[in-house]
Protein chains: 2
Amino acid sequence: MNEARDNLGPLDRLAGYHFRRTSSAMRKDFEKAVDGLGISQVSFAVLSVISANPGIRQGEVGRMLDIQRANMVTMIGDLTKSELVTRGRDESDRRAVTLSLTPRGQDQLAASLARIQAREAKALEGLDEKQVAALIATLNAIRRNCENAD
Amino acid sequence: MNEARDNLGPLDRLAGYHFRRTSSAMRKDFEKAVDGLGISQVSFAVLSVISANPGIRQGEVGRMLDIQRANMVTMIGDLTKSELVTRGRDESDRRAVTLSLTPRGQDQLAASLARIQAREAKALEGLDEKQVAALIATLNAIRRNCENAD
DNA sequence: TATTGTTATACTCTATAACTATA
DNA sequence: TATAGTTATAGAGTATAACAATA
């Protein structure tokens, strides 16, 4: 009944390949989850970080999420136009832009979070809470290894 | 000594976020590994699949790797120009294009594979062979869950 | 001088629709 | 009518360089 598995060659033993495929599948899942809300994985991440750190500097958000300064500008511009985020000036360093969520931004974050969590529950079916935590810890360890390599 | 960890908000408990970051870090690692060889994660994957299945149809490669037909054309066109891949016609179905590696394609695959494996070993430091196999199995299970969701 | 944000731009990856030739 | 490949094109996402304001 089981079809013979595709022969991918050496690729099949490379973790990087499987990460790329799984990450892509989860991104498509994400897009289905938030369909119609006009939000992407990255803009959701930005909303989440601002929500947890009201008044955070724009550049700091970029550093936390590995988003280039130049790309932060467009992103925040869009989120401001959509009235999800408000910009301010840091009075102690007038170069810096500070960011906060609007009430609408908070609603948007909560609504999309609920949908995303529901989808993730299905994607992670078969793993208990402890295994998910362990998986995330492994992912973070691998990422650190990559980022610290020459 | 440890700095307080960044507060990402609810994002930090979403596996999809960590997959995106880890996958991106491994892609950057991949690019460093094959720097100068003119190969990408996807073109490497294509070479690997063709290597394991000489004479495979172009569309079949796309199905195995989730690459759109339209994008396969450009990809195979480039690999053919670089003399890594040769195209043939399937005589039993003259619509179909069959693919094989040139000797140079085989060399390219072997050379990049060695570099990629060396990098992966560092990225996966701390995990033994069994744990890596278990990780890959988990990634495949998650991907199947995503792909089978409505 | 160095840093924050900005503008402009380019490049890669991926997605879609319309076309052709074969089945 | 359906399938394999093709062409053209558009949209994300990301990367780089040059610049203005402020430190």
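Heavy-atom basis, side chains included; hydrogens, waters and symmetry copies ignored. Residue numbers begin at 1 in each chain, while the letters A, B, ... track the order of the sequences.
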First locate atom OG of A/Ser51, then atom CG of A/Leu84, and finally report the distance between them rounded to the nearest 0.5 Å.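 Separation between the atoms: 12.5 Å.
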
Any chance you could measure A/Ser40, atom OG, to A/Glu31, atom CD, to the nearest 0.5 Å?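 The distance works out to 8.5 Å.
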
Taking protein heavy atoms under 4.0 Å as touching, what does nucleotides 16-23 of chain C look like 5' to 3' if B marks base contact, S marks sugar-phosphate-only contact and - marks none? BB---BBS

Figure out the [atom1]/[atom2] separation between [X] and [N], and round it to whole Å.
X: A/Asp78; N: C/dT6; atom1: CG; atom2: P; value: 13 Å
X: A/Leu65; N: D/dT14; atom1: CG; atom2: C1'; value: 14 Å
X: B/Ile76; N: D/dA4; atom1: CD1; atom2: P; value: 16 Å
X: A/Arg57; N: D/dA23; atom1: CZ; atom2: C1'; value: 10 Å
X: B/Asp66; N: C/dA15; atom1: CG; atom2: C1'; value: 11 Å
X: A/Met72; N: D/dT16; atom1: CE; atom2: C1'; value: 18 Å
X: B/Met75; N: C/dT12; atom1: CE; atom2: C1'; value: 10 Å

Does this structure show an ion pair linking A/Lys122 with A/Glu125, if we count only N-O contacts that are shorter than 4.0 Å?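 Salt bridge absent between A/Lys122 and A/Glu125.
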
Thinking salt bridges, do B/Arg143 and B/Asp66 make one under a 4.0 Å N-O criterion?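 B/Asp66 and B/Arg143: not salt-bridged.
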
Would you mind telling me which of B/Arg95, B/Arg89, B/Arg94 makes a salt bridge (Lys or Arg N to Asp or Glu O under 4.0 Å) with B/Glu91?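 Considering B/Arg95, B/Arg89, B/Arg94, a salt bridge (Lys or Arg N to Asp or Glu O under 4.0 Å) with B/Glu91 is found only for B/Arg94.
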
Residues within residues 20-55 of chain B bordering DNA chain C, heavy-atom distance below 4.0 Å: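 Hits under 4.0 Å, by residue number: B/Ser40, B/Val42.
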
Grab the two heavy atoms, one from B/Ser112 and one from B/Ile39, that are nearest each other, plus how far apart they are.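 Nearest pair, atom of B/Ser112 first, then B/Ile39: OG-CD1, 4.0 Å.
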
Anything under 30° is parallel, anything over 60° is perpendicular, the rest tilted; go ahead and classify B/Phe19 against A/Phe19.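 The arrangement is tilted - the two ring planes meet at 30° to 60°.
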
Here's a test for you: under side chain to side chain contact (heavy atoms under 4.5 Å, CB included), which of B/Leu99, B/Thr98, B/Leu79 qualifies with B/Arg87?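 Among the candidates, only B/Leu99 passes.
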
From the options A/Leu139, A/Thr22, A/Ile136, A/Thr138, select the one residue that forms a side chain to side chain contact (heavy atoms under 4.5 Å, CB included) with B/Thr22.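 For B/Thr22, the side chain to side chain contact (heavy atoms under 4.5 Å, CB included) check succeeds only for A/Leu139.
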
So what does B/Val97 hit on the nucleic acid, given a heavy-atom distance under 4.0 Å: a base, only sugar-phosphate, or nothing?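 Since only primed, P, OP1 and OP2 atoms lie under 4.0 Å of B/Val97, the category is sugar-phosphate.
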
